[in-house]
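Order of listing sets the numbers, starting from 1, for every ligand and every atom in it.
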Amino acid sequence: MSVPSRAPGPGSGRPAGRAPAAGPDDPEELDDRDGRLRRFATIWSRAVFPVTATSMTRPEVERHLLPLARRLSDALHRRPFDTAPAYEVGAALVAAHCTDPDALVRTLGVVDSYLVLYCAGENDSPARTEEHRARCARLQHALSAGFAQALRERTLAEQEALARSSLLASTEAQRALHTTETRLRAVFEGAAIGIGIADLDGNILEVNEALMRMFGGLDQYMRGRKVSEWVHPEDTPHVWKLYGELVRGERESYRVEKPYYRTDGTVLWTNLTVSLLRDADGRPQYQLALMEDTTERRLLNLRLRYEATHDALTGLPNRTLFFERLEKTLAAGDGMRFGLCYLDLDGFKAVNDSLGHSAGDRLLVEVADRLQSCATAPGEMVARLGGDEFVALTTGPDTRREVDELAGRILNALASPIRIEGRDLTVRGSIGIVEGPAGERGPAEVLRSADITMYRAKSAGGNRFETADAEADARAITRHGLTNALPAALERGEFFIEYQPLVHLGDGSVHGAEALVRWCHPQHGVLGPDRFIPLAEHTGLIVPLGRWVLEESVRQARFWQKRHTDGGPLRINVNLSPMQLHHPGLVSDTVDVLERAGLEPGALCLEVTESALIGADDDLLKPLRQLAEMGVDIALDDFGTGYSNLANLRRLPVSVLKLDRSFTQSMQQHPADTVDVKIVEGIVSLAHSLNLAVTVEGVETGAQAAQLRELGCDTAQGWYYARPGAPDRIHTLLLADAV
Ligand code: C2E
Ligand code: MG
Ligand code: MG
């Protein structure tokens with residue numbers, strides 16, 4: 001990969017110039033600007049002159065380039081920004097016979113290094129300079145595109161001319177053969193393209209000057225030889241089939257692209273047109289070959305293709321080329337397998353941020369080199385997808401073992417520190433591996449799976465590889481999809497609340513209900529909170545969602561109260577997520593909701609999971625304490641799962657302990673084991689001594705209910721009484737109670 005070299009110029013730094021004059025129309029400044037533009041054109045002409053195929057002198061080239069330089073300079077400043085002038089400059093280069101690939105490379109080098117330097121304002125702000133740099137990059141792209149397009153058009157035009165002259169030559173040659181030897185000579189020698197005549201056995205009879213020059217200029221190398229001697233290993237298979245058909249008189253002509261060896265052993269690429277010449281009676285007699293030398297054009301095409309498919313920084317194949325390779329691999333037939341390692345460097349951003357981009361670039365180059373040395377076997381390839389993401393691919397029948405080894409080699413190659421700017425940087429990476437048979441999945445799917453798996457490796461701590469498995473992929477994809485769908489779901493009203501009664505263990509009366517949120521997902525159906533609450537926590541959506549749940553259930557509780565005036569105070573329990581605890585609007589929102597619904601604070605109980613309060617400091621407890629002081633009950637949910645310090649309970653503003661379901665369950669599973677019973681007994685008596693009520697969760701049988709009542713628990717919740725359900729079910733239960 002060649003990086004455009006800096007053209008000869010006046011060293012680094014801003015060109016010497018006077019201090020800026022008053023205004024943009026100031027004649028002195030205009031003069032100065034013109035001078036700088038000329039300087040730019042000089043540098044440009046020096047860079048491209050050696051590679052132009054023109055009869056102009058260097059100063060003439062410079063004069064020719066000056067208006068083009070002006071167009072680039074104008075485009076750099078123009079508002080709105082437009083890249084079309086640069087595109088036209090690319091085309092103008094081709095028109096001026098600057099068709100050598102190097103002319104483009106050198107032009108880009110000059111534009112990159114000097115356009116902004118010479119053509120931007122002298123005292124531009126850094127932001128302005130940044131904008132100029134960005135524009136300059138886009139102008140270079142447009143210039144390359146204009147160059148490539150013009151070259152293509154020129155090639156097409158040449159081909160057309162060739163076809164015309166071929167036709168001409170062919171009729172001329174036929175007439176000449178039929179008439180006079182002199183006429184044939186004239187066509188032969190005058191033609192700009194190579195012409196040769198052979199008999200039907202392939203013996204070469206005549207070749208013209210142009211053809212001889214193309215092959216390296218040795219007459220004896222051509223004449224008296226046979227056409228069939230010019231086999232080249234890169235011949236397409238059908239070339240010689242077409243040849244056979246022609247000499248047997250089965251076809252009149254054919255046209256192919258064909259390589260030859262020149263006399264010096266180098267390769268000549270041609271557009272070859274062969275026509276059958278018949279005698280006056282129509283019998284096949286000779287074959288006439290017309291050849292156009294396409295070697296240069298081919299090289300340019302190869303070069304442009306190389307640049308389009310390789311990463312400019314590291315020289316590795318880029319995403320485009322990798323995709324092509326992967327696609328081909330995945331389309332391969334039976335028995336072929338592939339293994340892909342998707343590597344992302346751990347903490348690369350920190351290197352970039354702390355040491356700067358050029359250090360980051362050098363690090364990437366070193367990493368690329370190391371990676372390349374890991375994948376040298378046939379069927380292996382390494383590519384850079386962008387940023388700090390690389391891939392390594394291995395193909396063959398036994399990639400299952402190979403891909404693990406490859407990933408191991410990669411981590412190993414990264415293990416030794418990389419020295420940059422006198423520091424040893426430790427580079428680590430996370431690798432997602434996908435391995436499997438060809439013919440089942442497309443490249444996009446494989447890459448996505450590898451990407452997901454790489455993230456799994458990263459979240460497991462990095463510096464490791466993980467292997468994709470369909471289930472983990474599906475989970476990640478659903479998780480991803482659900483996370484994205486959450487905000488719209490809240491707007492569309494896809495959430496709803498079920499209520500589960502809280503029952504007095506003493507008399508079995510319904511004492512309140514816990515609000516439990518559900519998501520009625522358009523594709524996945526009803527989802528429980530475990531599927532989406534953690535996602536909502538993660539994205540922050542839990543705050544508006546939690547507020548909605550609070551509002552909705554408080555309103556519901558008020559509604560029950562109005563309908564059911566003769567019972568005791570009915571309570572509503574609402575779960576609070578840890579993130580809601582940290583939200584500054586918690587107290588004011590809650591007060592607001594209660595006031596608007598007209599529900600007294602004493603009817604609300606907020607459930608906070610035990611783990612969220614372990615180690616909570618006073619700042620975190622303050623809003624809860626404020627709410628408790630207003631009369632809102634705070635319950636410690638899932639108690640017993642978080643190993644909180646029992647002595648700590650006194651510090652917390654809670655009035656209810658909700659014993660986790662696991663206690664109820666283990667008492668059920670080991671009824672004879674008195675340890676569980678003793679623990680519950682202990683907790684209950686401790687809670688009571690601290691003035692806390694005890695609610696038990698997950699009561700599923702009458703026996704459990706009886707035992708827990710015995711142990712002194714106050715309230716219970718569970719399927720034994722009712723599963724979570726629609727709000728009117730609670731109403732029915734309340735009525736039943738009243739009866
Ligand atoms: P939680 O607050 O501990 O809620 C009790 C869970 O136990 C509920 O699960 C309930 O359906 C289930 N359950 C009740 N009785 C029984 C029983 O007898 N046997 C069994 N096996 N399970 C029973 P659910 O509805 O899946 O809720 C799970 C968790 O999601 C809740 O645990 C709570 O932490 C959270 N959650 C629910 N709604 C909300 C909400 O609006 N906001 C927040 N932040 N979290 C919520
Ligand atoms: Mg709860
Ligand atoms: Mg609970």
Any atoms of ligand 1 less than 4.0 Å from a non-hydrogen atom of Pro724? List them with their elements. 11 (O)
Whether Trp519 and Phe532 hold their rings parallel, tilted or perpendicular, with breakpoints at 30° and 60°: perpendicular
Closest non-hydrogen atom pair between Ala468 and Val434, with its separation: CB-CG2, 3.9 Å
Proximity of Glu498 to ligand 1 by residue part, where a heavy atom lies under 4.0 Å: neither
Within-cut-off N or O pair, Val517 and ligand 1, under 3.5 Å: yes
Non-hydrogen atoms of Ala536 and Leu545 that approach each other most closely: CB-CD2, 4.4 Å
Closest to atom 4 (O) of ligand 1 (heavy atoms only, candidates Ile542, Leu516, Val699) is Leu516
The Mg ion (ligand 2) contact by Glu607, N, O or S atom under 2.8 Å: yes
Between Met630 and Pro601, what is the shortest heavy-atom contact and its length? O-CB, 3.5 Å
Ligand 1 contact on Val549 by region, counting heavy-atom pairs under 4.0 Å: side chain
Just going by heavy-atom distances, which of Tyr721, Phe495, Trp719 is nearest to atom 20 (C) of ligand 1? Trp719
Ligand 1-proximal atoms of Asp638, by part, heavy-atom distance under 4.0 Å: side chain
Of Asp404, Leu406, Thr453, which is the lone residue that meets side chain to side chain contact (heavy atoms under 4.5 Å, CB included) with Ile433? Asp404
Element-labelled atoms of ligand 1 that are located less than 4.0 Å from some non-hydrogen atom of Glu607: 2 (O)
Which atoms of ligand 1 are found less than 4.0 Å from any heavy atom of Gly718? 15 (N), 18 (O)
List the atom pairs, donor and acceptor, that lie under 3.5 Å between side-chain atoms in residues 618-625 and the rest of the protein, sequence neighbours left out.
| residue | atom | partner | partner atom | Å |
| --- | --- | --- | --- | --- |
| Arg625 | NH2 | Arg651 | O | 2.7 |

Can Gly546 be said to touch ligand 1, with heavy atoms closer than 4.0 Å? no
Work out which heavy atom in Val427 is nearest to a heavy atom in Ile418; give both atom names and the distance. CG2-CD1, 3.7 Å
Supply the atom-to-atom distance Ile497 CD1 to Arg518 CZ, rounded to the nearest 0.5 angstrom. 10.0 Å
Arg518 contact mode with ligand 1 (heavy-atom cut-off under 4.0 Å): side chain
Do the side-chain N and O atoms of Asp344 and Ser430 include a donor-acceptor pair separated by under 3.5 angstrom? no
How does Asp637 reach ligand 1, by side chain, by backbone, by both or by neither, if only non-hydrogen atoms under 4.0 Å count? side chain
Should Glu405 and Thr394 be marked as a side-chain contact (heavy atoms from CB on, under 4.5 Å) after you check the CA-CA gap, both sets of side-chain angles, and the distance that decides it? CA-CA 11 Å; Glu405 287 173 5; Thr394 168; over 6 Å; no
Partner residues of Thr609 under the side chain to side chain donor-acceptor pair (under 3.5 Å) criterion, sequence neighbours left out: Asp638
Glu697 and ligand 1 - part of the residue with a heavy-atom distance under 4.0 Å: side chain
With a 4.0 Å heavy-atom cut-off (strictly under), which part of Ser577 contacts ligand 1: side chain, backbone, both or neither? both
Contact (N/O only, under 3.5 Å) between Tyr720 and ligand 1: no
Distance (rounded to the nearest 0.5 Å) between Glu697 CD and Cys713 SG: 11.5 Å
Within a distance under 4.0 Å of any heavy atom of Asp530, pick out the atoms of ligand 1 and give their elements. 28 (C), 29 (C), 30 (O)
Numbering the atoms of ligand 1 from 1, which are under 4.0 Å from a heavy atom of Glu514? 1 (P), 2 (O), 4 (O)
So is Gln717 touching ligand 1 or not, going by heavy atoms under 4.0 Å? no
Atom name of the N, O or S atom of Asp637 nearest to the Mg ion (ligand 2) is OD2
Would one find an N, O or S atom of Asn573, in either backbone or side chain, under 2.8 Å from the Mg ion (ligand 2)? no
Only to 10 degrees, please: what angle do the OD1 atom of Asn575 and the OE2 atom of Glu514 make about the Mg ion (ligand 2)? 90°
So which of Ile410, Leu385, Val391, Val382 actually passes side chain to side chain contact (heavy atoms under 4.5 Å, CB included) with Leu343? Ile410
